[in-house]
Peer 1: 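Input: one structure, supplied below.
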Amino acid sequence: MSRFFVTTPIFYVNAKPHLGHAFTTILADAMTRFHRLMGEECFFLTGTDEHGDKIAKASEEAGQSPKEYADQISGLFRDMGPLLGAKPDHFIRTTDPEHIKCVQKVLQKVYESGDIYFGEYGGHYCFGCERFYTEKELVNGMCPDHKTRPEYIAEKNYFFRMSKYQAWLIEYINQNPDFIRPARYRNEVLSLLESGALEDLCISRPKSRLTWGIELPFDQDFVCYVWFDALINYVSALNYPRGEKFKKFWPVANHIVAKDILKPHAVFWPTMLKAAGLAPYQSLNVHGYWLVRDTKMSKSLGNVVSPKQMVDAYGISAFRYFLLREMAFGSDASFTEEALVGRLNADLANDLGNLFNRVLSMTHKYFEGKVPSPAAETEEDAELKRLGRDAMRNFQGHFAEFRTARALESLWELVRALNKYIDTAAPWTLFKNKDKARLGTVMYMLLEHMRKIAVHLWPVMPEASVKMLEQLGCCFDLDKVQLAKEPEVWGLLDSGLAVSPTSNLFPRVDVPEPAPPAAPEALAAPAADAEAPKAKAAEPKKKAPAKTAEAPVGPAESIEFADFQKLDLRVGTVLSAAKHPDADKLLVVQVALGEAEPRQIVAGLADRFSPEDLTGKQVVVVANLAPRKLRGLMSQGMILVAKDAEVTRLLTSAGTVDDGGKVA
RNA sequence: GGCGAGGUAGCUCAGUCGGUCAGAGCAUGCGGCUCAUAUCCGCAGUGUCGGGGGUUCAAUUCCCUCCCUCGCUACCA
């Protein structure tokens with residue numbers, strides 16, 4: 001028996017479930033149901049990722065233990081499944097004892113094989129950033145982001161020898177076209193791997209700094225850090241190494257992730273598996289983001305879409321259908337209620353729902369609500385069957401490769417063809433003419449095709465599918481359905497079955513007001529109080545800036561005075577300048593800006609200026625530009641120049657100004 | 001700057017190993033039917049298939065170049 005194993009990422013418990021989580025889960029559920037219908041033995045895994053600094057800190061703020069905190073948020077994710085009609089076979093948590101043991105087992109194994117080593121790491125650690133800075137990166141000894149003095153931590157850590165497997169991974173990806181799909185992400189990973197040396201992965205944190213993690217089996221003073229812990233869920237959930245499930249399902253592992261976690265899944269994970277002596281997963285399937293209209297969803301914008309609210313408003317079926325129909329595999333998609341309602345009305349209410357209603361109604365008018373027996377078929381019938389067969393084949397082909405949008409598009413060719421067939425065959429005329437034989441054939445053609453459609457829709461809209469089948473007098477039996485054969489076989493709908501007199505599965509819905517600027521808050525507010533476990537009441541009010549959607553179509557791009565005021569332009573004197581040791585276009589310039597210390601600015605001027613050209617000159621500097629490391633050296637500003645097609649000149653003051661003098 | 005993916009009807013997109021390939025859905029207009037959830041069916045469109053150049057008997061489809069968008073990345077700041 002062939003098998004199928006699908007996973008969602010385990011969701012980090014630092015935020016509540018949103019549209020993105022919902023989509024991944026629905027996609028995984030739909031794929032599972034599809035493969036079940038194809039007669040395969042399936043396993044659908046999801047869960048939560050619960051360790052790390054962020055959780056430790058958040059729980060502290062909430063006055064809870066990390067575990068209590070994680071329990072709460074994890075519960076929200078666990079509850080999300082039923083809310084969406086999704087039925088995972090297992091919900092794993094990285095705090096599960098079995099998972100912890102498994103992670104340690106893998107660590108031990110890799111450690112013993114020599115691919116984990118102890119090495120120096122770090123230096124200046126900023127707790128705000130949760131990361132180390134090198135001396136060069138610091139700004140006056142301060143963290144460039146937080147302007148606080150990082151703590152110097154001379155700390156050693158364990159590293160995974162990821163670099164060792166770079167060549168192997170490139171080769172493997174080249175040999176297996178479907179390993180990462182769609183191809184655009186495969187290309188992205190390949191270019192990433194081929195563009196430079198892969199660095200080893202730091203996989204530990206000393207307990208002195210972080211205790212909320214899994215202890216390293218070979219060193220009790222350290223806990224395991226992030227990805228090594230999280231990724232292993234995919235095998236720990238299968239009871240690796242001894243589990244029966246592991247043997248059955250690991251060879252057919254299909255991961256689903258959003259594009260933001262491509263690298264860990266496409267690079268870290270396969271090399272970890274290789275190091276641990278495991279085969280790579282079968283495929284990594286990468287989908288895009290759901291944008292809200294055309295903007296990235298984010299808490300600060302207050303435009304986070306609550307899945308629960310959408311399901312409550314439009315129903316699970318419409319919600320699932322919309323998501324799976326609207327997002328082209330791999331690409332970003334746009335979520336709006338108008339678009340959802342558009343799909344609901346056009347595809348579900350008008351095309352599919354109305355088809356069911358009109359055919360069922362006619363079956364009652366003409367055949368006392370019983371499925372008639374078909375008589376001889378005409379060429380028209382044969383043509384419809386061919387079209388139906390192709391539509392179902394295409395549906396299955398696309399669905400198997402995660403292209404749900406294309407799959408549904410294909411199936412709808414059949415839906416539309418049936419509506420057209422009704423018009424052409426005109427059952428009401430046949431009825432008037434008392435042509436019962438032909439009428440029965442026509443109705444049977446319709447009813448049997450509707451049954452096929454209903455079956456194919458089970459992965460997408462399980463409950464609606466079951467209801468459609470019930471309306472046709474059938475009851476859904478997973479064990480009896482053979483989806484793979486549906487395109488080819490005919491006549492599975494028994495004559496004589498009693499069908500419903502009407503159908504109203506997908507009532508039309510009024511188009512919502514196109515969301516005005518106030519809408520983001522309207523969306524976010526109920527979501528916030530609905531579950532709000534940690535009630536961050538103090539969170540600053542989410543001010544949705546009057547943004548792009550409303551932007552006036554002014555002719556030139558003008559800015560307000562306030563925008564200009566954001567720039568802190570200062571005059572400063574160049575104390576010294578030197579070539580960047582590791583770059584030939586960059587100069588490292590020290591500029592006195594009247595501050596305690598001179599500023600170090602890395603400027604891309606080396607091709608037009610020599611260090612001598614700058615030294616001693618007064619220059620205009622953008623003083624509040626976010627610091628940025630350039631080729632290893634921190635740059636704390638930008639030196640302005642004026643240029644035309646031919647020459648580049650330093651921008652300076654006509655007469656001497658005190659260092660730090662403001663440009664206004 | 002480099003690499004990658006794209007720029008096709010008002011909108012969302014499909015498609016072409018070069019020759020009925022100029023398409024679908026939505027939206028718009030007109031017509032038809034009456035079984036139906038003011039639903040369904042038909043017809044009508046508009047498009048220099050991003051700009052320019054080249055190869056060819058023939059290019060939207062191949063090559064070159066330029067412009068724009070998105071992603072990753074960089075010695076952009």
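In what follows, chains carry the letters A, B, and so on, assigned in the order in which the sequence lines appear, proteins first and then strands, with residues in each chain numbered from 1.
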Peer 1: Rounding to the closest angstrom, what is the interatomic distance between B/U46 and B/U34 at atom P?
Peer 2: 32 Å
Peer 1: Sticking with atom C1', work out how far B/C63 lies from B/C75, rounded to a whole angstrom.
Peer 2: 32 Å
Peer 1: B/G25 and B/C64: how far apart are their P atoms, nearest whole angstrom?
Peer 2: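 That atom pair is separated by 36 Å.
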Peer 1: For A/N345 and A/L192, find the nucleotide of RNA chain B closest to each by heavy atoms; which residue's nucleotide sits nearer the 5' end?
Peer 2: A/N345
Peer 1: Could you tell me how far apart A/M327 (CE) and B/U12 (P) are, to the nearest whole angstrom?
Peer 2: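 A/M327 atom CE is separated from B/U12 atom P by 16 Å.
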Peer 1: Taking atom types as modelled and ignoring hydrogens, do the side chains of A/Q590 and A/S576 form a donor-acceptor contact shorter than 3.5 angstrom?
Peer 2: no
Peer 1: Would you call the rings of A/H265 and A/W227 parallel, tilted or perpendicular, taking 30° and 60° as the class edges?
Peer 2: perpendicular
Peer 1: Give the dot-bracket string for RNA chain B, reading 5' to 3', where a pair is Watson-Crick or G-U wobble with both distances under 3.5 Å, ( ) marks pairs inside the strand, [ ] marks pairs crossing earlier ones, | marks a partner on another strand, and . marks unpaired.
Peer 2: (((((((..((((.....[...)))).(((((.......))))).....(((((..]....))))))))))))....
Peer 1: Give a yes-or-no answer on whether the side chains of A/R438 and A/N433 include a donor-acceptor pair shorter than 3.5 Å.
Peer 2: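 Side-chain D/A pair, A/R438 to A/N433: absent.
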Peer 1: If only side-chain N and O atoms count, and only distance matters, is there a donor-acceptor pair under 3.5 Å linking A/Q600 with A/S635?
Peer 2: no
Peer 1: Any donor-acceptor pair under 3.5 Å linking the side-chain atoms of A/N419 with those of A/R358?
Peer 2: yes
Peer 1: Distance check, P atoms only: B/G45 and B/C33, in whole angstrom units.
Peer 2: 23 Å
Peer 1: Taking atom types as modelled, is there a side-chain donor on A/H255 or A/W269 under 3.5 Å from an acceptor on the other?
Peer 2: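 Side chains of A/H255 and A/W269: pair found under 3.5 Å.
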Peer 1: What protein N or O atoms touch nucleotides 14-16 of chain B N or O atoms at under 3.5 angstrom, if any, and at what distances?
Peer 2:
from	atom 1	to	atom 2	distance (Å)
B/A14	O3'	A/R406	NH2	2.8
B/G15	OP1	A/R406	NH2	3.2

Peer 1: Scan nucleotides 36-39 of chain B against the protein and return all N/O pairs shorter than 3.5 Å with their distances rounded to 0.1 Å.
Peer 2:
from	atom 1	to	atom 2	distance (Å)
B/A36	OP1	A/K365	NZ	3.1
B/A36	O3'	A/N357	ND2	2.9
B/A36	O2'	A/N354	OD1	2.6
B/A36	O2'	A/N357	ND2	3.1
B/A36	N1	A/R358	NH2	3.4
B/A36	N3	A/N354	ND2	3.1
B/A36	N3	A/R358	NE	3.3
B/U37	O2	A/F506	O	3.4
B/U37	O2	A/R508	N	3.4
B/U37	N3	A/F506	O	2.9
B/U37	O4	A/G353	O	3.1
B/U39	OP1	A/R508	NE	3.1
B/U39	OP1	A/R508	NH2	3.2
B/U39	O2'	A/N350	O	3.4
B/U39	O2'	A/N354	OD1	3.4
B/U39	O2'	A/N354	ND2	2.4

Peer 1: On a whole-Å scale, what distance lies between the P atoms belonging to B/A14 and B/G50?
Peer 2: 14 Å
Peer 1: Between B/U73 atom P and A/L262 atom CG, what is the distance in whole Å?
Peer 2: 10 Å
Peer 1: Looking at A/D347, is its backbone amide N or carbonyl O close enough to the side chain of A/W412 to form a donor-acceptor pair, meaning the two atoms are under 3.5 Å apart?
Peer 2: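 Flag set: sc A/W412 to bb A/D347 pair under 3.5 Å.
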Peer 1: Taking the side chain of A/W428 as heavy atoms from C-beta outward, which of B/G71, B/U34, B/C3 is closest to it?
Peer 2: B/U34
Peer 1: Look at A/E368 together with A/K370 and state whether they make a salt bridge at an N to O cut-off of under 4.0 Å.
Peer 2: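 Salt bridge between A/E368 and A/K370, a charged N being under 4.0 Å from a carboxylate O: no.
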Peer 1: Can you tell me how far C1' of B/C72 sits from CZ of A/R186, to the nearest Å?
Peer 2: 17 Å
Peer 1: Answer yes if the side chains of A/D659 and A/T573 hold a donor-acceptor pair under 3.5 Å, and no otherwise.
Peer 2: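 Looking only at side-chain atoms, A/T573 and A/D659 do form a donor-acceptor pair, the distance falling under 3.5 Å.
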Peer 1: Verify, without hydrogens or angle tests, whether A/D381 (side chain) and A/T378 (backbone) share a donor-acceptor contact under 3.5 angstrom.
Peer 2: yes
Peer 1: CD of A/E338 versus C1' of B/C11: gap in Å, rounded?
Peer 2: 13 Å
Peer 1: Just call it for A/A603: base, sugar-phosphate, or nothing, with non-hydrogen atoms closer than 4.0 Å on any strand.
Peer 2: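 If one applies the 4.0 Å heavy-atom cut-off, A/A603 turns out to touch the sugar-phosphate alone, with no base involved.
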Peer 1: Determine yes or no for a side-chain-to-main-chain donor-acceptor pair under 3.5 angstrom, with A/T404 supplying the side chain and A/L324 the backbone.
Peer 2: yes
Peer 1: Provide the distance between the two P atoms, one in B/U55 and one in B/G2, to the nearest whole Å.
Peer 2: 27 Å
Peer 1: Answer yes or no: does a side-chain N or O of A/K420 lie under 4.0 Å from OP1 or OP2 of B/C40?
Peer 2: no
Peer 1: Rounding to the closest angstrom, what is the interatomic distance between B/C13 and B/C70 at atom P?
Peer 2: 14 Å
Peer 1: Check whether the side chains of A/E337 and A/Y314 place a donor and an acceptor atom closer than 3.5 Å, and report yes or no.
Peer 2: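 There is such a pair between these side chains.
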Peer 1: Quick one: A/L640 CG to B/C76 C1', roughly how many Å, whole number?
Peer 2: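 Value for this atom pair: 14 Å.
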Peer 1: Counting only side-chain heavy atoms from C-beta out, which of B/G4, B/C3, B/C35 sits nearest to A/M362?
Peer 2: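 The answer is B/C35.
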Peer 1: Toward the 5' end of RNA chain B, which comes first, A/R184 or A/K263, by nearest nucleotide?
Peer 2: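 Its nearest nucleotide lies further toward 5', so the answer is A/R184.
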Peer 1: In whole angstrom, what separates A/L408's CG from B/A24's C1'?
Peer 2: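 A/L408 atom CG is separated from B/A24 atom C1' by 15 Å.
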Peer 1: How close or far is atom P of B/C76 from atom CD1 of A/I639, stated in whole angstroms?
Peer 2: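 Rounding to the nearest Å, CD1 of A/I639 and P of B/C76 are 15 Å apart.
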Peer 1: Is there a donor-acceptor contact under 3.5 Å from the side chain of A/K452 to the main chain of A/E448?
Peer 2: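 Checked: no pair found.
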Peer 1: In whole Å, measure the gap between the P atoms of B/A59 and B/G71 for me.
Peer 2: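 Comparing P positions in B/A59 and B/G71 gives a spacing of 36 Å.
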Peer 1: What is the distance from CG of A/L190 to C1' of B/A5, rounded to the nearest Å?
Peer 2: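 For the pair A/L190 CG and B/A5 C1', the rounded distance is 15 Å.
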